[in-house]
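These figures come from a predicted structure and were not determined experimentally. By convention in this document, chain letters (A, B, ...) are assigned in the order of the sequence lines, proteins followed by strands, and residues within each chain are numbered from 1.
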Number of protein chains: 2
Amino acid sequence: MNDSLIISNEFYSFLTGKVSTAISRRLQRNLKAGKLNITAEQWTILYHLWQEEGLTQQELANLTFRDKPSITRLINNLEKMTLVIRVNDKQDRRSNLIYLTKEGRKLREEGMKQSLLTLQEATAGLEIEELRAAQIILDKVFHNIK
Amino acid sequence: MNDSLIISNEFYSFLTGKVSTAISRRLQRNLKAGKLNITAEQWTILYHLWQEEGLTQQELANLTFRDKPSITRLINNLEKMTLVIRVNDKQDRRSNLIYLTKEGRKLREEGMKQSLLTLQEATAGLEIEELRAAQIILDKVFHNIK
DNA sequence: ATAATTAGGTTGCCTATGCAATTAAACAAG
DNA sequence: CTTGTTTAATTGCATAGGCAACCTAATTAT
């Protein structure tokens, strides 16, 4: 058994979600503490819309690494909550352009605040260089299997 | 805006599941290619049982970082598939001890093979030292927010 | 002993996800 | 044109997840 096998179990458990689900749950808790009634997944959609509105569902799927049906349902729920609206694209009638409602825009400040807090909690005591190093390694992993 | 904010977006997207969902999907595909009709989540349960049978559901919950209801349902499905069985603990009648069936044990070789393949695909071209470094950093993150 | 608390599991409710199949619009080729 | 292909989105089906409430068995305290 070589070195890569020796470390595999531990490393595997990290990559298969241990850390990311912990972060996701923490984000969820922080959002709730900030009186935001949205899920962590809904946050990822809103996050991109807070940066740029009028994205198509396909673009949101690419940005959040989900499949199209997942986006359809997330947008369904966000629309029910009147945080976003679908606007049919006049240029390409197959596409929906997703816009925030006033209500959706109002959540931006608190949403960004709670996600930044989550990030700070997650990376407390870590050096910038460590974070960069981890990012580079994870990036390589992602490109291997994406 | 300080350094930690500058890198936050990228790093955040990695931590919130980009890499782990990619691995999970790859594992799922590899299991299927190996003719194993189990989900990646079921694999994580079987993985621990292949190492030690007779674990309680609570122990499996701790090992896989899931809550108890999630384990209840995973075991329900695995039991329906006749891969595991619940055995009521005579010492502590609150607990179920989970054992593999013959059929469940038979999946071990192929299951481990496909997960090892997935790990190798994910970490191709990476140095052992890089993996160790990433593991240490992710471990710190996990301990910050677990 | 008995009451109060803790611990293991289950159920209900709601959200999220992946895959496969489908519809409808856009585009390309003949 | 019109046929064939690609692309955006939706729907169906099945699994999985968290949280809260609950039940029962075990443990602790009085």
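A heavy-atom distance below 4.5 Å is found between the side chains of A:Leu46 and A:Leu100.
Judged by distance alone with a 3.5 Å cut-off, a donor-acceptor contact links the side chain of A:Arg94 to the base of D:dT7.
No side-chain donor-acceptor contact under 3.5 Å links B:Asn144 and A:Glu121.
Remark: P of C:dG18 and CH2 of B:Trp43 are 19 Å apart, rounded to the nearest angstrom. Distance A:Leu60 CG to D:dT7 P: 19 Å, rounded to the nearest Å. Counting to the nearest Å, the P atom of C:dC27 and the CG atom of A:Asp92 are 6 Å from each other. One interatomic measurement links the two molecules: CD of B:Gln58 to C1' of D:dA26, which rounds to 15 Å at whole-angstrom precision. Spacing between atom CG of B:Asp89 and atom C1' of C:dA7 amounts to 13 Å, rounded to whole angstrom units. Rounding to whole angstrom units, CG of residue B:Leu78 and P of D:dA14 are separated by 18 Å. For the pair B:Gln28 CD and D:dT15 P, the computed distance is 12 Å after rounding to whole Å. In this structure, CD1 of B:Ile45 is placed 15 Å from P of D:dT15, rounded to the nearest angstrom.
Remark: the backbone N or O of B:Leu49 is not paired with any side-chain donor or acceptor of B:Glu52 at under 3.5 angstrom. Checking side-chain atoms of A:Ser24 against main-chain N and O of A:Ser20 turns up no donor-acceptor pair under 3.5 Å. Proximity of a side-chain donor or acceptor of A:Thr44 to a complementary backbone N or O of A:Thr64 within less than 3.5 Å is not detected.
Within a 6.0 Å sphere centred on CD of A:Glu109, heavy atoms belonging to other residues, nucleotides or ligands number 12 at most.
Applying the 4.0 Å criterion to OP1 and OP2 of C:dA20, one finds that B:Lys32 has a side-chain N or O inside that range. Applying the 4.0 Å criterion to OP1 and OP2 of D:dA25, one finds that B:Arg93 has a side-chain N or O inside that range.
Cluster membership for B:Val19 and B:Phe142, using ILVMFWY side-chain heavy atoms within less than 4.5 angstrom, is shared.
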Base, backbone or nothing for each nucleotide of nucleotides 10-17 of chain C, written B, S, -, heavy atoms under 4.0 angstrom, 5' to 3'?
BBBB-SSB

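Comparing B:Arg29 and B:Leu97 against DNA chain C, the residue whose closest nucleotide sits nearer the 5' end is B:Leu97.
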